[in-house]
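Just so we're on the same page: letters track the sequence lines, and every chain starts at 1. Since the structure is predicted, the reported quantities are computational estimates derived from the model, not experimental observations.
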Protein chains: 2
Amino acid sequence: MKRKITLKQIARELEVSISTVSKALRNSPEISEDTKQKVQAFAKLYNYRPNNIALSLKNRKTNTIGIIIPEIVHHFFSKVIRGVELVANKRGYNVIIGLSNESFSKEVINMEMLANGSIDGFIISISKETQQLQDYHHFNETMSQGMPIVMFDRVVSDIKCDKVIVDDLNGAKNAVEKLIANGCKSIALITTKDYVSVGKLRTQGYLEALENYKIQPKAELILKIDDTLDYETHLEALEDEIEQLFKSNRHIDGIFAVNELYALTAMKVARKLGLEIPKDLQVIGFTDGVLSKHSTPGLTTVSQHAQQMGERAADLLIDKLENKIETEEEEFQTIVIETNLVERESTK
Amino acid sequence: MKRKITLKQIARELEVSISTVSKALRNSPEISEDTKQKVQAFAKLYNYRPNNIALSLKNRKTNTIGIIIPEIVHHFFSKVIRGVELVANKRGYNVIIGLSNESFSKEVINMEMLANGSIDGFIISISKETQQLQDYHHFNETMSQGMPIVMFDRVVSDIKCDKVIVDDLNGAKNAVEKLIANGCKSIALITTKDYVSVGKLRTQGYLEALENYKIQPKAELILKIDDTLDYETHLEALEDEIEQLFKSNRHIDGIFAVNELYALTAMKVARKLGLEIPKDLQVIGFTDGVLSKHSTPGLTTVSQHAQQMGERAADLLIDKLENKIETEEEEFQTIVIETNLVERESTK
DNA sequence: TTGTAGGCGTTATCAG
DNA sequence: CTGATAACGCCTACAA
């Protein structure tokens, strides 16, 4: 088992100095053709590659991006990662992942771990718990140490950094307007509790759409799900709550749900209650997932372009890393990704 | 913007030597209580944390695991990553990801990039293209440099390394035997081309189950899908091929598919042709995905325990990294994860 | 009890 | 054209 070869070993073998080897390998004009040939041939033979860690230390630059997300087993987030990875690799960076698992403390620990020299900058979507606690000290500390952060999707307006978000408000508004245009008179909303920034915005979009069409929103048509419970419990409760919603409001003919699972569950419950989709009930969900495409009937969705978000976030971060304009007064960008409606069979 | 503080800076501020600071922070008995107090207080104030990169260089150990997978937007792989991350974090390691995107050259490039000092070891599931080309030099080179590799799911028997696999053969066999026990007389198989190791094993399981029950396998009931085409094309072709299968073999009353999408597509086509599930046709898929659970009817599946695979792979790798028994004759383990059948409505 | 020196692998600068 | 030296940040054996 031969360890990776180093400059020092090459130097010793060829009886030249380390710096000569280094220069020869970088094709420096300082070095004679002869020596270059010899060194390069030897290096090739032993498959020499500079040690990244040593380079990172020397250059104070790791060429690595840290991405912190709440959950990886989730279509949206894995697509974002794919986007980040794509751009990062193209631009010579690696990607290291940290999962917060929706926990504040894991988010903090993970960030601290990576911030100690392992990476050059962060791409982050914050955990639900962090959103609830509204404790953002770890972001501010990281940035004050000169490490840039790009937030995506779940962002915090108080934090001054670059951001990539989807146009949640208009996405939701368009969806609901679509339902109205399709003839729905009584549209229910299935959303999350308000501390989730995106849930809040989508709720707002729903309300604005109604207002545009002079429809009075009704509190009993808005179902706010508590998604802090564990997954299974949450799902069971979900079904019951939706069933309750339908039973108490027989006239519902449209559903807008802030995510895929809520929309599918609504369809499932509706079918159970004998409603036909899209004849009796039309449904639209907000998502970038796979379920919608393969459900029966196919679910019409507001597409979030997750991969594109990842790409934009990565570009934003790397641009910042490579410019490093030492302006005291930094200005930050917020990129808004427009959504679009993917129509399937759950709407007319 | 204050950069991260270093030992050197603390030393200068406190007018002591760097090594005194270093020792004081590690609570060495060599240092006087007084000095320790002073140094530790100062370090805490400035939130000193040792630089990971410097530590990595010094210790020749990065405490980082590299994971190379063909695709991240895939339930199976993201679950594996979650398992790896979970164990890695618990044991003090970070995880860095590389996506091969099913391409041989991307796999090689990604591995080389990470092998140059960035990580201590690899967890890998090889790309389809690599399986086709059967070119494994990059694995052998990596290992010959003393960097351990753990392969999972898509493994290569020629390569001497630790492995974590699911019991594809028995998983498939059990599934098919279940169909037989449920009364199916004519069971079709929807699988991939043989170069995909797992597809091959699952096919074998299918055949063994039939044999056990003295059922003569029929070539016309085995559909081998070419999955090297691009995704959309592949899907369209899939539907046509399955429709053809049903039409040419009206007596089919059971389907075993080597993945989720094939199974769902089969159900979809069957429904289109007026078959009722599970009355006329029973279906089982091999998968760890989400679609099965939310499809209607729910798809019975052979569960792969992806997260567990990730956990075992990470433990295996870290054990190896931390033992480093310098035995010339290394012995390698292959951990086999047993599958189990998750019964839903697509079987009786 | 504290400090010095050397080394992890690399590159840049400067001297020979 | 080649080599010695310092530095990136940290740790540790050894010297004072």
Heavy-atom pair of closest approach, residues [X] and [Y]:
X	Y	result
Ala24(B)	Gln40(B)	O-NE2, 2.9 Å
Lys4(B)	Asn47(B)	NZ-O, 4.5 Å
Val164(A)	Met309(A)	O-CE, 3.3 Å

Next on the checklist: Suppose we call two aromatic rings close when their centres sit under 6.0 Å apart. Are Phe104(A) and His138(A) close by that rule?
Outcome noted: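 Close enough - the centres of the two rings lie under 6.0 Å apart.
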Next on the checklist: Can you confirm whether more than 12 heavy atoms, excluding those of Tyr46(A), are under 6.0 Å from its OH atom?
Outcome noted: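 No - once you tally the heavy atoms of other residues, nucleotides and ligands closer than 6.0 Å, there are 12 at most.
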Checklist entry - Can you say whether the rings of Phe152(A) and Phe76(A) are parallel (under 30°), tilted (30 to 60°) or perpendicular (over 60°)? => result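 Tilted.
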Checklist entry - Passes side-chain contact (heavy atoms from CB on, under 4.5 Å), Leu317(A) versus Leu321(A)? Steps please. => result CA-CA 6 Å; Leu317(A) 181 62; Leu321(A) 290 174; 4.2 Å; yes
Item to check | Under the salt bridge (charged side-chain N to carboxylate O under 4.0 Å, His left out) test, residues paired with Lys58(B) that sit two or more places apart | outcome: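 Lys58(B): no salt bridge (charged side-chain N to carboxylate O under 4.0 Å, His left out) contacts found.
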Item to check | salt bridge (charged side-chain N to carboxylate O under 4.0 Å, His left out) involving Glu30(B) - partner list, sequence neighbours excluded | outcome: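 Counting only residues at least two positions away or on another chain, Glu30(B) forms a salt bridge (charged side-chain N to carboxylate O under 4.0 Å, His left out) with Lys23(B).
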Next on the checklist: Treating Ser56(B) as the side-chain partner and Asn52(B) as the backbone partner, does any N or O pair qualify as donor plus acceptor under 3.5 Å?
Outcome noted: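 A pair under 3.5 Å: yes.
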Item to check | Polar side-chain atom of Thr20(A) near backbone of Val16(A) as donor-acceptor pair, under 3.5 Å | outcome: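 Checked: no pair found.
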Checklist entry - Earliest and latest nucleotide of DNA chain D, 5' to 3', sitting under 4.0 Å from a non-hydrogen atom of chain A? => result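 First-to-last contact on DNA chain D, by the 4.0 Å heavy-atom rule, is dC1(D) to dG9(D).
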Checklist entry - What's the spacing between Ile69(B) CD1 and Ile97(B) CD1 if we round to 0.5 Å? => result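 Spacing of CD1 (Ile69(B)) from CD1 (Ile97(B)) equals 6.5 Å.
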Item to check | Residues from residues 11-28 of chain B lying under 4.0 Å of DNA chain D - heavy atoms | outcome: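 DNA chain D contact set from residues 11-28 of chain B: Ser19(B), Ser22(B), Lys23(B), Arg26(B).
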Next on the checklist: Quick check for you: name the first and last nucleotides of DNA chain C, 5' to 3', having an atom under 4.0 Å from a heavy atom of chain A.
Outcome noted: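 Terminal contacting nucleotides, 5' to 3': dC8(C) to dC14(C).
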Next on the checklist: Tell me which residues in residues 47-56 of chain A lie within less than 4.0 Å of DNA chain C, going by non-hydrogen atoms.
Outcome noted: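 Per residue number, the list reads Tyr48(A), Arg49(A), Pro50(A), Asn51(A), Ala54(A), Leu55(A).
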